[in-house]
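Numbers here simply count residues along the sequence, with the first being 1. From a predicted model like this one, the values you see are computed outputs, not experimental measurements.
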Amino acid sequence: MTLKIYGIGASRAVRPLWAAAELGLTFEHVSVPYQGGATRTPEFLALNPNGHIPVIEDLRPEGKVTVWESMACALYLAKVHGEADGQSITPANAQEEADALRWSFWTVTEVEKDALTVLMHRLAMPAEQRKPDLADAAEQRLRVPCRVLEAHLKSQAKAGAHYVSGQRFTVADLCMASVLVWAKSSELLMTEFPTVKTWLDACVGRPGFAASRKLA
């Protein structure tokens with residue numbers, strides 16, 4: 001098989017796995033957990049010297065392409081394996097390409113750290129290890145980017161669109177929702193930003209997200 005995706009759905013690897021599902025790609029899933037030392041073996045470090053999942057290996061006529069960093073993996077799949085037909089998650093024009101890049105990078109810089117804090121200290125960690133004050137502080141910081149996204153989505157809605165870019169679900173939505181879903185347990189944020197909540201529910205309610213999350 002020419003395309004391999006290393007990682008598991010319960011990690012940042014969900015991004016390329018979800019992108020592959022949305023694109024209907026045939027690929028080999030190589031199960032590599034982020035715990036237990038699997039990403040620190042010599043074999044895996046030869047793929048990604050940072051020792052993190054996900055990693056993509058794409059065997060192409062011009063040679064093997066290796067991609068790491070989860071957002072890069074998802075954007076790569078959409079760009080290289082998708083069709084710019086205005087129907088798939090692949091950007092169909094320069095504006096959609098710009099949206100995919102800027103919103104994905106925005107999510108990494110403005111949202112990811114605090115969304116992960118909310119996830120860990122609200123749900124993921126054992127109850128006795130959680131620190132509610134850290135989650136509370138992260139929620140307050142997330143109000144700033146959520147306000148930006150709420151305004152953008154409302155502007156989109158006025159134009160008859162209910163996603164971040166264009167008139168359909170694209171890789172921009174995928175990359176953003178894969179992070180913001182970590183903060184979905186925040187009643188504060190989901191109540192204060194109802195347009196964000198509606199958009200997020202629509203994104204993570206897609207069959208591709210559920211299927212990719214199940215890959216262990």
Side-chain angles (χ1 to χ4, degrees), residues 9-19 21-22 70-71 74-75 78 87-91 95-96 98-125 127 130-215:
S11 73
R12 289 178 174 88
V14 72
R15 295 162 194 171
L17 292 170
W18 187 6
E22 293 286 349
S70 59
M71 293 294 189
L75 292 167
Q87 299 180 37
S88 78
I89 65 168
T90 299
Q95 182 60 62
E96 291 184 5
D99 287 339
L101 293 171
R102 66 174 178 155
W103 284 109
S104 296
F105 293 151
W106 173 86
T107 304
V108 172
T109 58
E110 302 293 333
V111 177
E112 188 170 43
K113 181 179 179 181
D114 286 325
L116 183 58
T117 298
V118 172
L119 173 68
M120 296 304 292
H121 291 280
R122 287 275 189 262
L123 293 175
M125 295 175 67
R130 296 176 194 171
K131 297 180 179 180
D133 57 320
L134 294 182
D136 291 344
E139 284 178 333
Q140 291 300 321
R141 290 190 294 268
L142 283 169
R143 294 175 71 200
V144 176
C146 281
R147 193 172 296 119
V148 171
L149 181 55
E150 180 84 1
H152 175 70
L153 290 171
K154 284 183 176 179
S155 177
Q156 286 286 92
K158 288 181 180 179
H162 299 287
Y163 291 100
V164 167
S165 182
Q167 303 287 325
R168 70 194 189 285
F169 178 85
T170 69
V171 70
D173 300 283
L174 185 154
C175 288
M176 297 168 68
S178 70
V179 174
L180 279 158
V181 70
W182 294 346
K184 199 170 183 295
S185 64
S186 170
E187 184 176 348
L188 169 69
L189 296 174
M190 297 300 103
T191 300
E192 185 172 351
F193 304 103
T195 312
V196 170
K197 181 183 185 301
T198 298
W199 162 82
L200 184 57
D201 286 343
C203 291
V204 300
R206 296 176 67 87
F209 179 72
S212 59
R213 284 280 297 170
K214 292 177 182 177
L215 292 175

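Summarising the geometry of Cys146 relative to Leu180, their closest heavy-atom pair is SG-CD2, 4.5 Å, with the distance given to 0.1 Å. Nearest heavy atom pair, residue Phe209 against residue Cys203, reads CB-O, 4.4 Å. Nearest heavy-atom pair across Trp199 and Ala177 is CH2-N, 3.7 Å. Of all heavy-atom pairs between Val14 and Gly9, the closest is CB-O, 3.3 Å. Nearest heavy atom pair, residue Ala135 against residue His121, reads CB-CB, 4.0 Å. Considering all non-hydrogen atoms of both residues, Gly166 and Ala161 come closest at O-CB, 3.1 Å.
For Ser185 and Arg122, the side-chain atoms include no donor-acceptor pair closer than 3.5 Å. In this model, no donor atom of one side chain and acceptor atom of the other lie less than 3.5 Å apart for Glu96 and Ser165. Using a 3.5 Å distance cut-off with no hydrogens or angles, the side chains of Ser70 and Arg12 do not pair a donor with an acceptor.
Leu188 is listed as a side-chain neighbour of Gln140, based on a closest heavy-atom distance under 4.5 Å. When side chains are defined from C-beta on, Trp182 does not count as touching Val118, because their heavy atoms never get closer than 4.5 Å. Looking at heavy atoms from C-beta onward, Arg206 lies in side-chain contact with Glu22 at the 4.5 angstrom threshold. With a 4.5 Å cut-off on side-chain heavy atoms, Met71 and Thr107 count as touching. Using a 4.5 Å heavy-atom threshold, the side chains of Val179 and Arg15 count as touching. Between Pro194 and Glu150, some side-chain heavy-atom pair lies under the 4.5 Å cut-off. For the pair Leu189/Val196, no side-chain contact is recorded, criterion being any heavy-atom separation below 4.5 Å from C-beta on. Counting only heavy atoms from C-beta outward, the side chains of Val164 and Leu153 approach each other to under 4.5 Å.
To the nearest 0.5 Å, the span separating CG on Asp173 from OH on Tyr163 amounts to 7.0 Å. Here Cys175 contributes atom SG and Ile89 contributes atom CD1; the two are 8.0 Å apart, rounded to the nearest 0.5 Å. Distance check: Met120 CE to Leu123 CG gives 10.0 Å after rounding to the nearest 0.5 Å. The OG atom of Ser212 sits 8.0 Å away from atom CG of Leu174, with the distance rounded to the nearest 0.5 Å. A distance of 9.5 Å separates CE in Met176 from OG1 in Thr170, rounded to the nearest 0.5 Å.
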Practice prompt. Applying side-chain contact (heavy atoms from CB on, under 4.5 Å), run through Phe193 and Arg147 and close with a yes or a no.
Written response: CA-CA 7 Å; Phe193 304 103; Arg147 193 172 296 119; 4.0 Å; yes
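Ring geometry for Trp103 against His152 counts as tilted: the plane angle lies between 30° and 60°, on a 0 to 90° scale.
We find that Lys184 and Asp201 are joined by a salt bridge, their nearest charged nitrogen and carboxylate oxygen being less than 4.0 Å apart.
Looking only at distances, no side-chain donor or acceptor of Thr198 sits under 3.5 Å from a matching main-chain atom of Thr195.
Each of Asp136, Leu134, Leu142 was checked for a side-chain contact (heavy atoms from CB on, under 4.5 Å) with Thr117, and the lone residue meeting it is Leu134.
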